[in-house]
Protein chains: 2
Amino acid sequence: MDKRATSYDVARLAGVSQSAVSRVFSPNGSASKTTRERVLAAAHELGFVPNPIAKSLSLGRSRLAGLVVTQYAQQNYPLALKSAVDLMSETGDALLIQIVDPTDMGDAAIRQLLEKRVDMILCAASISREAAVHCTDAGVPLVMINRQSECAGVDAVCSPNDAIMHDVVDMLHASGARHCVFLGGGGNNWVSAERCRGFVEACTAKGLPEPIVLEDAFTYNGGQSAIRALGASVTNLDAVVAANDAMAIGAMDVLRLDFGLNIPDDIQVVGHDDTETGRFQSYQLTSVRQNMLGIFAKAIELAVSRRNEYRRPDAKITVKNELVERTTTARPTASARDRLAPGTEE
Amino acid sequence: MDKRATSYDVARLAGVSQSAVSRVFSPNGSASKTTRERVLAAAHELGFVPNPIAKSLSLGRSRLAGLVVTQYAQQNYPLALKSAVDLMSETGDALLIQIVDPTDMGDAAIRQLLEKRVDMILCAASISREAAVHCTDAGVPLVMINRQSECAGVDAVCSPNDAIMHDVVDMLHASGARHCVFLGGGGNNWVSAERCRGFVEACTAKGLPEPIVLEDAFTYNGGQSAIRALGASVTNLDAVVAANDAMAIGAMDVLRLDFGLNIPDDIQVVGHDDTETGRFQSYQLTSVRQNMLGIFAKAIELAVSRRNEYRRPDAKITVKNELVERTTTARPTASARDRLAPGTEE
DNA sequence: TCCAGCCTTGCATGCGGATGCAAAGCTTGA
DNA sequence: TCAAGCTTTGCATCCGCATGCAAGGCTGGA
């Protein structure tokens, strides 16, 4: 197995010093036109590619970013992953991924990433305060994604998980829904908790009866079992709002197949995350779409800025999300509303 | 931001040389009990963790593995990813991920990984012969996953994508199905092509009429449009076999919602990959389960062995897969079969 | 008691590239 | 033509750890 060419090899072939080669391959390096040409020719001939490991050691930057995500098969994190990878590779950085079980904290993942000397960490899982402190102690920018951080020096980028619920409640209210149930993931699931809180608040603000809140696994099966637990009382409900699409879809299957209900005529359903599954013809699930690409772009931006300006106020950014209405909800159309007597809506 | 401790810091504190520290942290390093204790105490006090980048430079190994996967939201690659990450971290290695669009070749991804100096590459996407040669030239073991490689020095781990189709055909045949259609992903999709070939061969072997083969996108939408393209002729069919669950599910939705057909009574459906979506109560899709963990374990094993024994015969390993029967197919049960007159089955 | 042989330890160097510093080369204006 | 000032170049060193080599310490057997 042939060793790959080094800058010394290139220098020898080009008849220059190693530092000249290094300068040709550095963005700020000064080199004359002729030197540059001879070096590039030699480099091309030898198939020279600068060794990123040596570069890392010298620069004190690994050009590796860590990403911690929670394992949910039905979440749309494949999309998030792709966003992150693409954004990182734009600047020549690579992504180190850690996947955390939904019921676990991400502390071990953070530790492993720090040991690998990543330059920054994007974390979309719950972690302890100590884990966050480890990052700031090591000077590694940490950005939480869709999660709160109670630790100084840590930035966060979130969808307005709570605020969007006002839109959801407005929509349900306009369609005449009054009694709602919320399906949440429970445990230390920050996203679910925020969505729940937002929903309950929005119901109160809109004058709806306080919704029932059920917690179960943050999955299809969790959605199913939560609805099954309601039993016959489900017929008193007007709408099911779930903290993610997976639970909403689980709920839909039970509502239709076990209880024989019609969606949205008998009961409406709202999910969250706008997954591909929710767009299936069988579901056509009304959901909330997050701007994952925007979230990751912002998160990376924050992490980079943190390197340049270590002591700056912590950022707490939200990236706009959006309610996508499909056929599991039934807001009256403009024409339908016209047919109602004025005032009926209140 | 405080710099992290180095082996020199530890050495100074412990009153030994840097090499002593290095030896304490090396698996084969020799150090007396007292030295070891003093070094470990000093290391603990300083929170010393060996810098993996310096280690990499010194050892010529990055302890980074590259993984190239195709982006399919409805595939179960979240599971595959988790398997790979977990297996790698067992040995202290990390995973660099590259995600390739379904319609693209993975050549750019391979190049990026090589430039990052990964120690090995696991590739579950189509790549050109040249890309594979780049790997072997650079001495980086390349293992293809569920893909053929026509390049010397490259190993491959596959499910028996073709052979399992005999089981599928046996099952369909037993239920009385005769006229089948196969939905494939087309393009340079090796997995789909293998499954298709296997199915057609199995039908021939079993004496069934030659199946219709339709190609479309390897997705839910692709499955839908393929079935829609059949039009009314769909009523002449007994079974739809798809190259993945996503297409099968798209097909199911069109068969039921557009054509009003009953599954499995009017037509049977078989998918592939045993995704979570296929297990939904609404689908209960008969599918083929691959042993992803086993596949990745074997792939990593091959890559590692390739490092130790560079010139060995190329390995071509298959990891057993398994037909999982659910309610979209209807193989007669033993009791049902008893009720049939003997010989009816032939 | 003495020496052979093993275990420990430190020194020096290598891995491959970045960069401060000073010397050398070049441009420009008087 | 010459000096001031800028650019280009090479030298030396650093980044942090691993390891070959040789010196020193230790053990045990004769």
Side-chain angles (χ1 to χ4, degrees), chain A residues 1-40 42-43 46-64 92 114-119 138-139, chain B residues 1-40 42-43 46-64 92 114-119 138-139:
Chain A
M1 115 178 51
D2 45 0
K3 300 301 294 175
R4 290 185 254 190
T6 73
S7 59
Y8 288 93
D9 300 328
V10 175
R12 200 175 316 120
L13 182 59
V16 297
S17 72
Q18 178 268 332
S19 27
V21 177
S22 173
R23 290 194 172 100
V24 168
F25 281 88
S26 297
N28 304 323
S30 69
S32 67
K33 190 153 174 282
T34 57
T35 300
R36 180 173 303 275
E37 280 167 1
R38 291 171 60 188
V39 166
L40 288 179
L46 297 175
F48 170 71
V49 174
N51 185 329
I53 296 173
K55 217 168 191 163
S56 296
L57 183 60
S58 184
L59 293 177
R61 292 183 47 189
S62 64
R63 304 213 62 111
L64 251 34
L114 287 178
E115 284 180 5
K116 285 286 175 186
R117 289 294 213 271
V118 294
D119 292 333
Chain B
M1 112 179 53
D2 45 0
K3 300 300 294 175
R4 290 185 256 191
T6 71
S7 57
Y8 287 94
D9 300 328
V10 175
R12 199 174 317 120
L13 181 60
V16 298
S17 72
Q18 177 268 333
S19 26
V21 177
S22 173
R23 289 191 173 101
V24 168
F25 281 88
S26 297
N28 303 324
S30 69
S32 67
K33 190 153 173 283
T34 59
T35 299
R36 179 174 304 275
E37 280 167 2
R38 291 171 60 188
V39 166
L40 289 178
L46 296 176
F48 170 72
V49 175
N51 184 328
I53 297 172
K55 215 168 191 162
S56 296
L57 183 61
S58 185
L59 293 177
R61 290 184 49 190
S62 64
R63 305 215 61 111
L64 251 33
L114 287 178
E115 285 181 4
K116 285 286 175 187
R117 290 292 211 274
V118 295
D119 291 334

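In what follows, every chain begins at residue 1, and chains take the letters A, B, ... in the order their sequences are listed. These figures come from a predicted structure and were not determined experimentally.
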Identify whether any heavy atom of B:Thr6 sits under 4.0 Å from a base atom; if not, whether one sits that close to sugar-phosphate; answer base, sugar-phosphate or nothing. sugar-phosphate

Classify the nucleic acid contact of B:Val16 as base, sugar-phosphate or nothing, counting any heavy atom under 4.0 Å across all strands shown. sugar-phosphate

Nearest whole angstrom, please: distance from the [atom2] of [N] to the [atom1] of [X].
X       : N      : atom1 : atom2 : answer
A:Arg61 : C:dA18 : CZ    : P     : 13 Å
B:Lys55 : C:dG16 : NZ    : P     : 19 Å
A:Asn28 : D:dT7  : CG    : C1'   : 15 Å
B:Gln18 : D:dC14 : CD    : C1'   : 14 Å
B:Leu57 : D:dT19 : CG    : P     : 13 Å
A:Leu59 : C:dG20 : CG    : P     : 11 Å
A:Phe48 : C:dG16 : CZ    : P     : 10 Å

So, under a plain 3.5 Å distance rule, would you say the side chain of [X] forms a donor-acceptor pair with the base of [N]?
X       : N      : result
B:Ser19 : D:dC17 : no
B:Arg23 : D:dG20 : yes
A:Ser17 : D:dG10 : no

First of A:Phe25 and B:Ala20 reached from the 5' end of DNA chain C, by closest nucleotide: B:Ala20

Closest-nucleotide ordering on DNA chain C, the 5'-leading residue of B:Ser30 and A:Ala54: B:Ser30

Interface residues of residues 31-40 of chain B with DNA chain C (non-hydrogen, below 4.0 angstrom): B:Ala31, B:Ser32, B:Thr35

Check DNA chain C against residues 7-15 of chain A and give the residues with a non-hydrogen atom under 4.0 Å, in numerical order. A:Ser7, A:Tyr8

Taking the minimum atom-to-atom distance to the side chain of B:Ser58, which one of C:dG16, D:dT9, D:dC17 wins? D:dC17

Which atoms form the tightest heavy-atom contact between B:Phe25 and B:Ala43, and what is the distance? CZ-CB, 3.7 Å

